[in-house]
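Sequence lines set the chain letters: A, B, ... in the order given, protein chains first and strands last, and positions in each chain run from 1. Small disclaimer: the values here were computed from a predicted structure and weren't measured.
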Amino acid sequence: MAAIAKPLSRRHAEEHEDPREHLMHDPLPRGKMNEMVMEAMHETGWKFWVATGFLTLVVLGALVYAWYYLIMEGLGVAGVNRPVFWGIFLVNVVFWIGISHAGTFISAILRVLKVESRRPFTRAAELMTTFGLVQAGFSVFMHMGRVWLTYWMFPIPNERMLWPDFHSPLMWDLMAITTYLLSSTMYLFLPLIPDLAMARDRTEGGWRKTFYKILALGFRGTEGEWKNLTTAMNIFAFAIIPVMFSVHTIVSWDFAMASRPGWSSTVFGPYFVIGALHSGMAAVAIVLFLLRNTMKHYKYFIRPEHFDTIGMLMFMVSMAWAYFYFNDYIVPWYGGDVWAKLFQEWAEKGPHWYLWYIMLFCNIVVPWSILWNRKWRRTPWLLAIAGILINVGMWLERYIIIPEGLTINRMPFTWRVYVPGIEIALTIGLFALFFLLYMLASRLIPLIPVWEVQEGQEAHLIRKIGKAEISTLSDME
Amino acid sequence: MSKQLSRRDFLKLATAGAATSAVLTGCGPASRYVKREPYMKMPEYTYNGLSTYYATTCRECAAACGLVVRTMQGRAIKVEGNAENPVNLGKTCARGQATLQGLYNPDRVENPTQQGRGKGAASQMDWDAAIQVVAEALKNNDPSEIAFLMGTAPDHLFDLVSDLANAIGAPAPVRFGALSMFESRATLSRAAEELFGQSAMPYFDIANSDLVLSFGANFLETWISPVSFTREYAQMRRGKPRKRGYFVQFESRMSQTAAKADEWVPLRPGTEGLVALAIGKLVAEAKDTAVPASFEAIDPAEVARTADVKLETLEHIAQLVVDSEHPLAVPGGTAVGQTNGLATAESVLALNAQFGNYGMTGGVYISPLGPNQDEYHRPASPEEMLNLIWKMKDGKVKVLFIHGVNPVFELPSHLGFLDTLQYVPQVISFATFPDETAVASDYIFPDHHGLESWGYQRAVVSSQPVLSGAQPVISPFFNTRATADVLIAAAQQAGGQFAEALPFADEVAFIQSKLSPLVGDPDGSFLAPEINMFSAYFQQHGGWWKNDPALSAPIASGALTKKLDPGVAEFSGEGEFFFVPFVSPTIGEAGANKPWLQELPDPTTTVTWNTWVEMNPETAHELGIDNDDIVEVMSEAGSVQAAVYLYPAIRPDVIAMPFGQGHTAYGQFAAGRGANPVNILSIHFNAAGDLAFAGVKVNVKKTGRKHELARMEGKVGVYEFRKE
Amino acid sequence: MIKKLFEWLLSPMGRVAVLIGALSVFSLAAYGIYTTQQPPEQPIAFRHDIHVNLGVQCLYCHPGALRGASPGLPTQNKCWGCHQQIAKTNTSPRLAVLKDYVQNNKPVQWVPVAQVPDFVHFKHRPHIAAGLNCETCHGDMSKVEIAENPQVMNMGWCLNCHRDRTADNVQNNPDNDPGVSALLHEKRTKLTDCGTCHY
Amino acid sequence: MTSNLELPVFTNNSEAELGGKWGMVVDRDLCTGCQACVAACSMENNVPFVGETDMAYGRGMHWIRVERLWEGLEADYQEVKMTSYQPLMCQQCHNAPCEPVCPVYAAVHSMSEDINLQVYNRCVGTRYCANNCPYQARVFNWRDYTDYRPGNTADNDPSWSVLQNHLNPDVTVRRRGVMEKCTFCIQRIHKAEDTAKSEGRDVRDGEVVPACAQACPANAITFGRIDDPESMVSKAAETSRGSLLLEEMRTQPRVTYLAGGA
């Protein structure tokens, strides 16, 4: 390419790219591929154990002990006060739910839209969904003043003859998140079955064999089983999309339904969904980068083309996010509410004004300046850095909405600034837990849906044999 | 008695069963986990789960407000105002409300203690030994070398000690308190004496006035009888149909009282007297009457320049006076606490004479005496305290009895009270709390808390003569004993003239002897045929008072002819700023050991739990000082450190600090908290012997340290990010 | 490994072990329930049955029930008021405990049995005014030696009664009178209001 | 346990309901900011103190606070004016924003007294109600303030319990993780209603006095039945000075503020 003097247009570049750069055009024998995945799962270096040990220590100290201390002492050890009753815990809830969205988005929407390049990373993204929801759940519990009474929020008959209040957005939230956790776990599990069966067949005894045996549900790969599985997956892929959109809309209602300046806004639903995708896409990029560089053989499965796909999505979502973000400005401007105006001024000119600028830099400047370039998009480390920055930006965005925004209420006498306390430790602990869970999962289940990759490659092979128009497998589905 | 006592119903003793049921019903968290033990030997009638209410008197300051205390099963659980008592008519201030935290203060002196002046280990003793000590102190010393130092309140104990001192030939007991110092009571009564020829507390009928000009008098905060003044203030504002009283405050900083004024006129400290005279002259000119002699020599334009106030403002105020029916001028606070304080007070009284309101509705009167009192005893002025200190230094005091006052804390340390104690061979404190003075004594023979004791107290400022009655609302909590009982028992033990001086079985017998002249008085709030019934009614109603006001009009003749020249006050020290100490409206002189008083926001700054230095933001900006910076405030007498509050409503040349914190002892809530501004006051008295506490100039230096003041307000919304 | 365990469990020895395990869990649970049903140990083993059967009214010792929130527990003075005139007091070993309390001037630390948590503000007076008898909630004390709590006093128990007594049904409103209906509705609002007991 | 499981009903905004039952009038012109109401409220309602550190961080537990702002801060110091003191407690809104957001009915309307309730033992501590309260009238138990003081070396000093002897048995002592707020002294309302009922009459005007109104030396707080046009509180609320706080929120507060100044 270097020999060509003038820069290539995109189409031109595609034509001149090595087709073997595409995973689907670079098939390996199925046995070999299975072998590679199994090896990546089984071969564990000392680095892994060191990292696991370190993360375990962090989780025990920063999460388990800190949480115990928080429960025993009360929320006074956190940074919440009046009027900032909600702090980083709720920021984390929204953030992690946001992260969890991209997983489903990628696998369900891309599956429904039959995007070929999704194949190797759907699993990693779905796992992120489930683990992200676990983090979000923990954050909710940390936030509660009396977490040991959580069960009062469950609608079960009891001696007090009391129901929970379904008028409360928090109840909607509880319902939505529980539904989403259940359905996303199911949706993670279904495509996992053939891979678990593969792992079962390639494992020689031991607890692993039992583990896979139980989870594979006796899958043997017969025609009928495949048919049932694909039907189930299709149903879930379609059904989970509205669930996903509804969950983050409902999360946004926690804020939009409150009568607070700056929160009570009709645009919050789509704005939160887009925000969630923004951080989630970026998180997928980070996870893929990490998997590619830490897991054996994964460089074969995860290729620049996949980063390209993610990068394009990130770019698109970033633009949509910017649109909604500034929409959020226009609504109060048009409404002329003095308090909402103060809310925005507070974010821009208050003592923590720099957070607002960092957020805009990370969420808009970074993606727009990196992701437009195809070559840069295909550079994994660059994309990972962009992903980290976007996540920082999105976390800050929630931080500005929640603890920063809570300073501004209709009683100026009470305005106070929030200074985080034990939340910092717990946030670190939560991140550590996420990575720890991911690392443990990487030892237990194949993080590459290897059957999907093989399916895709076969479909491409079919097309290649003979020059006639032969539909791909995904078309046949 | 057991130290841990029941917090709630005896009937709700914690049991294992209760704990189980609490956990099973998910209720554990909201219920208390306090150890419950029954109250020993509770009388049967307290077992019924109903509340009993007792009328008594508030002892948090000397105003003699009546209280009704709600008790339940032997615990005092809520203080309410006694609606019958004419002083407060059922109302209370914050300090009165928090008096229970004094009663149940964890730091109270629980036993008679041989203290050894805080050196070495304190040892407990029993009451017999304690009485022995007091008896010997009385008997073995020459009566003229016995000194009694007591709190401001004119109560039964003061009467008892006066009788004792009188009978044995000891000097009369000295009453003192920081509040009386900041109120400048001596100056007020001296001014009355000079102008009216009658030593008494002037009475200002704020309630019926329609224009109040207050010269520094912080009557809504701590001044003399804040609850009754606040009541009167409300009456002045909204009590009369269609006529809202108008209120102007002359003060160099916006105090809580000034914040309620319609106009706050920040004067240069020490010029209040001149301004009063200038207004007098302007009023006379506006009314086209002859200018009385008192005001003749005054040039209002010159005064306005001196006082740093616009002449138009003074003219405008004079016009307000002309337009009003019942104008009233009140002197007090920092205006009187200057070297020219007496002349200022006289000038303001003369201004009232110019208004022609002596003895008129909404004007100036003379307060009546208490029902069982024949002449006005005012608390000692700081100069008289200095005399006592000199006497102590000269070795003319062999034994010092201290009750109800904490001079080590309340007197400016420059007076040297603490150092002088070493010249007194024996110091016996009757303190309820381990305050600084008690700690520096030989013995502490703890008195009951006010809510545990008998007594009566005269209201000093009230339109009716009031004797507010006190009775125990709970049985004593600790091994304490009424000081009156101790003195009576000691006097009996000492025998001879001592026993003759106090021929009473106990405190109650003494109180009855003092009440007996009132039996059968037809003008009183109740009529009883004999003393026992009288006593019972006295307790039931929370005191005895005359039904009708007994105010007398001051003699105005001399007021307008006397030549007055308050001039500008002199200030000691080379400092750049005028220093204005004021009594914290919420903590007062002795509230620092009550946690809820500590947590109450100061009405103007909303600061809690600490001392602050009020400074104009402009001044601070010039000095490079920001909010919460700890600064050192230095006078010629010393220096204190406290954090800065940038207070927008204070003159740029004035530094103000609240008094009430800065204890070195006085329990865990008070000790080591804040700073005591009286420690940088130098010793200058006015002509009446009151301390010129506002007559000091100070310098301010940044220390480089910071301490975040615990404000109730959000600094952000109130000052920094303001909604316009 | 797990399989072996299962196999062992199916053997006779294993079955016996399972049986023993199940029995011990069951008996522990039974014991736990039994202990919660026992009256607490009182400082004086006061016999309610004897006193009630002698004709002593509940309100004699618990007078507060009629007037206030809490019924009150008697002090030793009340006990002694009768017992010092009774010859048996000097002879009975059971009453020696009481004598000891009185003579040493010690307070009797009764352990209340029928309790609600601190955040429930139960008042006796309105319940008695509504015509409830003591035994409706506290059981028949003439048949109980040491006082015990006859039922779990939880919120459902309270609410059941409050609802039953305010339901607009044949029992409460036999004539289907709209006036009574309105009254019942008002009562129901009050009796099912959270703020009636919790504040 | 029973099939009779009913969801609490929210307001139906009938005329009778909109009229309200208990109400308060606060005269800003009379309030001198003296904090007597704050002290009285705290002593009556077992409100704990939190210590200097937490107080500085905005965790004071006061159920009633006296607000004041400034006017003319940009001007010369002589022109600076303090706004009238404004004692602020729970406004007992009829359409209370705090109520529908609580997932467990801990913030719930009392249908019989028509005031807001906070059922402490039901609260799980989501703090949504406090966020949604436009008046910021709710306070949270960040720690177990009644039983010990954090940061104090005397954490478990038994002498603390002596201080708790004044706790009012009529009011629950709250523990950590629970929201609380002004109750209009509902324990006093109940007491007066009980007494009135046993005497076979209605509650008299002025018979129920909350601790703040009882203490207020300036008589700036009036309390009573707002559904009775003859009551003191109704008459006080009628004056032209009266207004509701944040009326534009349409929360229907039960506290009327009378304007300060002339």
Side-chain angles (χ1 to χ4, degrees), chain B residues 3-5 7-9 27 29-30 32-35 72 75-81 91-94 97-98 100-101 104-106 220 227 230-231 233-234 237-238 244 254 256 259-260 266 585-586 595-596 599-601 603 608-610 616 648-652 668 708-710 712 714 718, chain D residues 27 29-30 32-36 38-40 42-44 49-53 55-56 58 60 62 65-66 68-70 73 77-78 80 82 85 120-121 146-147 154 157-169 172-178 211 214-220 261-262:
Chain B
K3 194 172 141 193
Q4 281 151 7
L5 294 121
R7 31 222 54 68
R8 198 175 158 182
D9 285 0
C27 317
R32 279 164 222 158
Y33 35 20
V34 223
K35 202 168 153 196
M72 200 166 173
R75 300 279 163 277
I77 50 178
K78 181 72 173 57
V79 165
E80 296 166 3
K91 300 303 180 180
T92 48
C93 70
Q97 284 291 336
L100 288 177
Q101 293 199 323
Y104 297 124
N105 198 292
L220 297 179
V227 174
T230 307
R231 203 163 43 72
Y233 162 82
R237 281 292 203 205
R238 294 286 170 195
R244 175 178 180 271
M254 191 188 275
Q256 181 197 342
K260 285 310 290 177
T586 49
W596 249 112
E599 187 130 328
L600 286 184
T608 60
W609 287 100
N610 219 313
N616 192 296
I650 185 171
R651 284 179 59 89
Q668 55 189 306
E708 196 186 346
L709 290 171
M712 182 70 193
V718 176
Chain D
D27 193 335
D29 198 23
L30 296 186
T32 65
C34 73
Q35 311 286 340
V38 184
S42 310
M43 302 309 276
E44 168 79 12
F49 55 94
V50 305
E52 186 177 10
T53 322
M55 199 54 211
H62 313 62
R65 62 173 186 266
V66 184
R68 63 103 181 81
L69 297 170
W70 295 98
L73 274 192
Y77 73 95
Q78 286 161 317
V80 168
M82 194 185 276
Y85 287 115
Y120 311 121
N121 46 309
T146 305
D147 289 332
D157 182 351
S159 69
W160 278 100
S161 56
V162 176
L163 195 54
Q164 292 164 17
N165 273 296
H166 68 69
L167 290 181
N168 186 352
T172 309
V173 170
R174 286 79 56 184
R175 273 193 57 193
R176 68 177 189 273
V178 174
Q214 190 182 40
C216 180
N219 257 329

Residue pair Ala649(B) / Trp70(D): nearest heavy atoms and the distance that separates them: CB-CZ3, 3.7 Å
Pick from Gly714(B), Ala94(B), Ala234(B) with the largest number of heavy-atom pairs that fall under 4.5 Å of chain D: Ala94(B)
Glu52(D) side, atom CD; Leu709(B) side, atom CG - distance, nearest 0.5 Å: 8.0 Å
OH-CG distance between Tyr233(B) and Asp29(D), expressed to the nearest 0.5 angstrom: 5.5 Å
Gln256(B) and Cys34(D), any side-chain heavy atoms less than 4.5 Å apart: yes
Region of Pro648(B) in contact with chain D, defined by heavy-atom distances below 4.5 Å: both
Heavy-atom pairs under 4.5 Å with chain B, option from Ala220(D), Ala218(D), Ala36(D), Pro217(D) with the top count: Pro217(D)
Met82(D) vs Lys260(B) side-chain heavy atoms within contact, under 4.5 Å: no
Residue selection (most heavy-atom pairs with chain D, distance under 4.5 Å) from Val79(B), Thr608(B), Thr586(B): Thr608(B)
Top of Ala39(D), Gly58(D), Gly177(D) for chain B proximity - count of heavy-atom pairs under 4.5 angstrom: Ala39(D)
pair Lys78(B)-Gln214(D): side-chain heavy atoms closer than 4.5 Å: yes
Parallel, tilted or perpendicular, as decided by the 30° and 60° cut-offs, for the rings of Phe49(D) and Trp596(B): perpendicular
Nearest heavy atoms of Pro169(D) and Met72(B), plus distance in Å: CG-SD, 3.5 Å
Minimum heavy-atom distance Leu100(B)-His166(D), with the two atoms named: CD1-CB, 3.8 Å
Nearest heavy-atom neighbours spanning Tyr77(D) and Pro652(B): CE2-CD, 3.3 Å
OG1 on Thr32(D) to CZ on Arg237(B), rounded to 0.5 Å: 11.0 Å
Which portion of Thr92(B) sits near chain D, non-hydrogen atoms under 4.5 angstrom: both
Side-chain (Tyr85(D)) to main-chain (Pro603(B)) donor-acceptor, under 3.5 angstrom: yes
Nearest heavy atoms of His62(D) and Pro601(B), plus distance in Å: NE2-CD, 3.9 Å
Spatial distance of atom CG (Leu30(D)) from atom CZ (Arg238(B)) [nearest 0.5 Å]: 7.0 Å
Which atom of Lys91(B) lies closest to which atom of Cys216(D), heavy atoms considered: CD-O, 2.9 Å
Leading residue by heavy atom contact count with chain D [cutoff under 4.5 Å; candidates Glu599(B), Met254(B), Glu708(B), Met712(B)]: Glu599(B)
Donor-acceptor contact present, side-chain Gln101(B) to main-chain Leu163(D), <3.5 Å: no
Interatomic distance, Leu167(D) atom CG to Arg75(B) atom CZ [nearest 0.5 angstrom]: 11.5 Å
